[in-house]
Amino acid sequence: MSAEYQNTTTESEPASTLTAVPVWLIVVTLLLVYWGAVFFDQHGGWFSRRVYGPYVSIPDAERFYPLPASGPDLKRGRALFESNCALCHNTDGMGKPGQAPVLAGSEWVTTEGVNRIIRIPLVGLNGPLKVKDQDWNLSMAGMGAAYSDEDLAAVLSYIRASWATRHRRSRRKTSKR
Amino acid sequence: MTAPAATSYFRSPSAPVTATPAEIDASSRLPMFALVGGAALWLVLSSLLGLIASIKFHSPNFLAGSAWLSYGRVFPASTNALVYGFAIPAGLGVGLWLLARLGRVPLTQPWLIAVAAKLWHLGVLVGLLGILRGDSTGFEWLEMPRYAAVILFVAFLLIAFPAFAAHHSRSERQLYPSQWFVLAALFWFPWIYSTANLLLLVSPVRGVAQAAIQWWYSGNLLFVWLALAGLGAAFYLLPKLTARPLQSHYLALFAFLTLILFGTWVGIPAGATLPAWMPTLSGVATVSTLVPLLAIAMIAVQTVRGCRTECAGGPLCFVKFGMSAFVLSGVMLAISALPEISRVTDFTWFGTAQNQLRLYGFFAMTMFGAAYYILPRAVGIEFPFARLIRAHFWCGVAGSLLLTLPLAMGGVLQGFKLVNPNVAFLDVTKSALMFLRLGTVGELLIALGNLLFLLNVLAVIATCYRAVCTKAYTAITKRLEPTPDPSKEGNAEVRV
Amino acid sequence: MKSGALVFLVAFMALAASWGGFVLAPQVQLSRSVQTNALGSSDLYPLGRPGLAKQGLEVYRANGCVYCHSQQVVQEGTLCEIVLTEAGTNAAAAAAAVAKLNSALGTGDAKSLLAGLPKMILQVADMNAAGPALKTLEAAGAKAEARVAPQGADIARGWGKRRTVAQDYLADYPVQLGSRRIGPDLANVGLRSPDAGWHLRHLYAPQNEVQGSLMPPYRFLFETRKIGKEAAPDALKVSGKLSPPPGYEIVPRPEATALVAYLQSLRADMPLEEAPLTPPAATVASTNAPASLTNAPTATPAAK
């Protein structure tokens with residue numbers, strides 16, 4: 001038979017000393033908390049629900065979104081046209097009598113080849129000519145000569161897109177030649 | 001007693017102590033039988049199921065014909081049996097005894113706790129059968145289906161309330177550190193369990209939030225709850241068995257506060273499919289658990305240092321090994337959360353090894369030590385097979401080291417091969433096979449040790465009941481016989 | 001600490017903090033999501049799994065596949081690849097542009113530089129850096145495009161095109177992310193192995209399909225029965241030791257069919273705002289349905 005177990009009534013429960021927590025342990029704790037905060041700042045995406053590792057922020061992920069489709073910038077072309085060409089040709093392209101012929105529907109704009117419309121702003125134009133059965137004999141300076149290739153292409157694309165939509169927009173490459 | 005108050009925290013002997021330790025122990029006998037006895041049975045079952053699972057790695061056709069015994073069902077059944085069948089009841093039993101002893105108040109209505117314990121075991125049985133049947137919830141560490149989870153939750157509350165009542169009516173008003181840990185554990189489990197079950201099973205949240213909640217639950221269960229319940233026992237037994245005071249009260253307070261502050265955020269792995277802030281926050285908190293780990297290691301080392309008592313394979317050995325395993329598993333957890341290391345150890349056997357070391361090497365061994373200490377006192381009988389305790393200790397040590405260290409190494413090797421895309425996946429899996437074999441040997445040893453534990457526990461319970469029956473028989477025959485015959489009395493005295 | 005109430009208060013505050021961070025916040029941030037548009041298109045994502053695949057998820061859950069297989073792809077970085085698709089009419093100019101962009105390609109003649117199109121010629125840090133390179137190539141008359149190239153071991157292994165994100169699992173219950181890779185990751189297995197027959201044979205006898213595999217056989221998902229008037233159309237072709245006795249055939253049970261439908265539906269390659277990716281080149285689809293809706297294998301095999 002198994003032995004009896006003697007349970008004494010004077011058995012005392014354990015006690016604990018009152019030594020303080022060592023300071024270096026507090027310092028280690030604070031250092032770890034600091035490291036943790038820095039790490040979270042760098043990798044945590046600041047609680048955003050759309051940021052997933054390895055990206056660290058939404059702009060970081062946006063760097064890999066597909067590029068916008070390239071092509072002439074019609075907004076810029078319009079801005080350039082209205083600041084320069086519209087003074088004479090009018091913002092609606094209808095021209096101003098005695099100043100500049102109409103562009104809208106003009107055969108000089110709607111023609112298939114782009115060379116004519118490229119040369120006019122680049123080099124200028126003077127002498128008698130007919131625009132939509134109207135006789136004109138004025139002189140236009142090369143208003144677009146100072147533009148960059150992209151800007152000239154943008155203006156010309158805007159003109160053709162607005163008032164000759166059945167033709168292709170000018171390409172920058174063509175206007176360089 | 002005139003010890004200087006500045007350096008010690010002795011219990012004031014003049015405070016009214018209404019119950020003797022013997023009375024308290026006797027009141028805890030029924031709960032201990034119900035909780036720890038059942039836990040020992042589930043432990044052996046979990047070892048058996050775990051062995052079946054790990055043999056399947058060496059021979060995939062082993063028991064492959066049956067759906068109930070397929071790996072995907074047997075493995076969660078074994079882990080659930082280990083946690084819900086063994087760990088929680090054992091922790092509850094030991095925690096109850098600690099609250100009673102440290103508060104110097106016996107447990108009132110021990111029968112209620114025993115009934116609740118039986119209800120808990122019923123819940124575990126129903127849950128395990130559900131998992132084997134295919135009703136597993138799919139959430140790791142929460143596989144028990146809803147119908148079992150309800151039973152477990154109710155049973156836990158039925159055990160926690162008497163514990164709080166005992167604590168409230170304690171006569172020793174000063175709190176010893178173990179009591180903080182046990183009270184926190186009693187509060188922790190119902191909250192995390194009910195939240196997880198409500199938001200994952202009853203009214204499930206949508207999408208990957210399920211994974212976040214599941215990781216929150218498993219981190220709080222496997223790291224915080226096991227630490228609270230296990231350290232509560234360790235911080236009592238280490239000073240008690242070495243007859244030295246705990247070093248120190250404030251360091252234990254610091255460890256408690258930092259453990260629950262940082263430990264509750266543990267659980268979300270670094271490569272998780274969640275917005276970046278969640279794994280980052282969890283990783284930062286996991287590395288910060290080195291702070292409570294350091295404090296706990298200091299407490300353990302300083303309390304035990306200079307003690308000349310030979311533990312001789314007794315409870316002190318179990319608890320000392322348990323503390324070492326806690327520190328080692330905590331270090332493994334913390335370094336596996338560092339970003340460069342988690343890249344290698346995520347998704348490998350390393351995580352399993354770290355979990356097993358904490359579950360078995362720390363918690364189970366500490367509970368064994370506590371049970372080997374408490375049961376003789378609760379019952380009044382020494383263990384019938386006392387020599388087997390030492391054998392159990394060595395089986396447990398060798399088994400847990402053989403299980404976890406090879407698995408950890410295999411996991412690291414597997415991880416290095418996984419991050420190298422030129423290594424075919426089959427080679428990755430094969431590289432871990434040798435370590436798995438060692439792990440299976442470790443599991444065999446663990447199973448043997450668990451059997452020895454079960455043997456001793458059942459023998460104590462049987463002896464106790466035999467003595468109770470003999471005493472009742474004697475009392476009945478005394479009434480029937482006109483003259484009492486001393487020579488006929490049972491030869492095992494049991495204080496009831 | 002002096003009293004149980006104080007212990008309770010401290011424990012409550014600690015647990016409430018993590019509850020707020022890892023229970024409440026994920027619910028607020030992730031559970032209220034709805035289908036969103038894929039990046040750069042109006043396709044809704046995710047579309048939800050077909051009914052048979054949903055049943056397959058139940059089979060996956062009940063048999064504990066999650067203990068060996070994960071369903072998460074990890075990404076460690078991202079780069080942009082400049083891919084030359086057409087050399088254009090002026091081969092010399094195109095070759096010169098290629099050589100200027102990436103001198104490491106060698107100074108071979110135009111023919112070798114432009115061989116094997118489409119061909120990646122350069123990796124840059126992001127799309128902004130890709131712009132100038134694309135302009136150079138287009139100026140030389142060639143056609144090129146910039147593709148997003150996620151980096152990482154999982155992606156190099158072919159386990160996915162990009163990392164998995166919350167949106168990929170919006171329609172699933174239970175979400176089976178997994179934490180162990182004893183078997184390969186399954187997040188994109190529908191892209192990698194679209195063949196249902198292979199999956200069925202692999203479930204019945206994994207060692208036949210993958211030599212030395214550790215996966216246990218799932219024979220209980222199948223039925224060996226006498227051949228009726230004619231062989232069943234979905235009978236497995238199993239050879240060797242495991243072939244059925246003469247006059248018998250092996251037929252998948254509904255669970256096996258559902259599980260395979262679920263596996264075929266597993267893919268996470270839709271470009272999203274949180275995980276940008278270049279969509280694959282347009283495939284000749286047999287229907288107008290978006291690729292993520294049907295179980296049918298896509299017309300073009302998944303590019304490695």
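Below, chain A is the first sequence line, B the second, and so on; all start at residue 1. Atoms considered below: every heavy atom in the structure, side chains included; atoms not considered: hydrogens, waters and symmetry mates.
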- Would you mind telling me which of B/Leu274, B/Thr273, B/Val208 has the largest number of heavy-atom pairs within less than 4.5 Å of chain C? B/Thr273
- Query: Where on B/Thr352 is there a heavy atom nearer than 4.5 Å to chain C: the side chain, the backbone, both, or neither?
  - Reply: side chain
- Message: Heavy-atom pairs under 4.5 Å with chain C - which of B/Arg73, B/Lys430, B/Gln214, B/His168 has more of them than the others?
- Response: B/Arg73
- Would you please say whether a donor-acceptor pair under 3.5 Å links the side chains of B/Trp188 and B/Asn220? yes
- Message: If I measure from the heavy atoms of chain C, does B/Trp349 come under 4.5 Å with its side chain, its backbone, both, or neither?
- Response: side chain
- Message: Please determine whether side chain to side chain contact (heavy atoms under 4.5 Å, CB included) holds for the pair B/Trp68 and B/Val74, giving the CA-CA distance in whole Å, both sets of side-chain angles, and the decisive distance to 0.1 Å.
- Response: CA-CA 7 Å; B/Trp68 282 56; B/Val74 157; over 6 Å; no
- Message: Can you tell me how far apart CG (B/Leu175) and CG (B/Leu183) are? Round to the nearest 0.5 Å.
- Response: 7.0 Å
- Task: Give, as side chain, backbone, both or neither, the part of B/Leu418 having an atom under 4.5 angstrom from any heavy atom of chain C.
- Result: both
- Message: Could you check whether C/Arg201 pairs with C/Glu209 (Lys NZ or Arg NE/NH1/NH2 to Asp/Glu carboxylate O, under 4.0 Å)?
- Response: yes
- Item | Per-residue contact mode, B/Ala424 against chain C (heavy atom under 4.5 angstrom) | backbone
- chain C contact via B/Thr195 - side chain, backbone, both or neither, heavy atoms under 4.5 Å: side chain
- Message: Is B/Phe75 close to chain C through its backbone or its side chain, or both, or neither, when contacts mean heavy atoms under 4.5 Å?
- Response: side chain
- SB check C/Arg192 C/Asp185 (cutoff 4.0 Å): no
- Would the C/Phe220 and C/Phe222 ring centres measure less than 6.0 Å apart? no
- Parallel, tilted or perpendicular, as decided by the 30° and 60° cut-offs, for the rings of B/Phe187 and B/Trp191: perpendicular
- Task: Check whether B/Leu426 gets within reach of chain C through its side chain, its backbone, both or neither, counting any heavy atom under 4.5 Å.
- Result: side chain
- Message: Using heavy-atom distances under 4.5 Å, tell me whether B/Ser136 contacts chain C through its side chain, its backbone, both, or neither.
- Response: both
- Item | Contact class of B/Leu199 relative to chain C, heavy atoms under 4.5 angstrom | side chain
- Note on the structure: Bottom line for B/Val428: the part with an atom under 4.5 Å from chain C's heavy atoms is side chain
- Tell me, for B/Arg173 versus chain C, whether the close heavy atoms (under 4.5 Å) come from the side chain, the backbone, both or neither. backbone
- Task: Answer yes or no on whether C/Arg267 is positioned over the face of C/Tyr45, meaning its NZ or CZ is under 6.0 Å from the six-membered ring centre and within 45° of the axis.
- Result: no
- Query: Counting heavy-atom pairs under 4.5 Å to chain C, which of B/Ala211, B/Ser282, B/Ala184, B/Gly351 comes out on top?
  - Reply: B/Ser282
- Contact part of B/Leu201 toward chain C, heavy-atom cut-off under 4.5 Å: side chain, backbone, both or neither? both
- Message: Given the ring of B/Phe347, does C/Arg181 sit roughly above its face, with NZ or CZ under 6.0 Å from the centre of the six-membered ring and within 45° of the axis?
- Response: yes
- Task: For the residue pair B/Tyr193 and B/Tyr217, categorise the inter-ring angle as parallel (less than 30°), tilted (30 to 60°) or perpendicular (more than 60°).
- Result: tilted
- Task: Could you tell me which non-hydrogen atom of B/Leu259 sits nearest to which non-hydrogen atom of B/Ala227, and how far apart they are?
- Result: CD2-CB, 3.9 Å
- Item | Contacting region of B/Gln414 [heavy-atom separation from chain C under 4.5 Å] | side chain
- Could you check which of B/Arg170, B/His58, B/Glu140, B/Arg133 has the highest count of heavy-atom pairs closer than 4.5 Å to chain C? B/Glu140
- Proximity breakdown for B/Asn420 and chain C, heavy-atom pairs closer than 4.5 Å: backbone
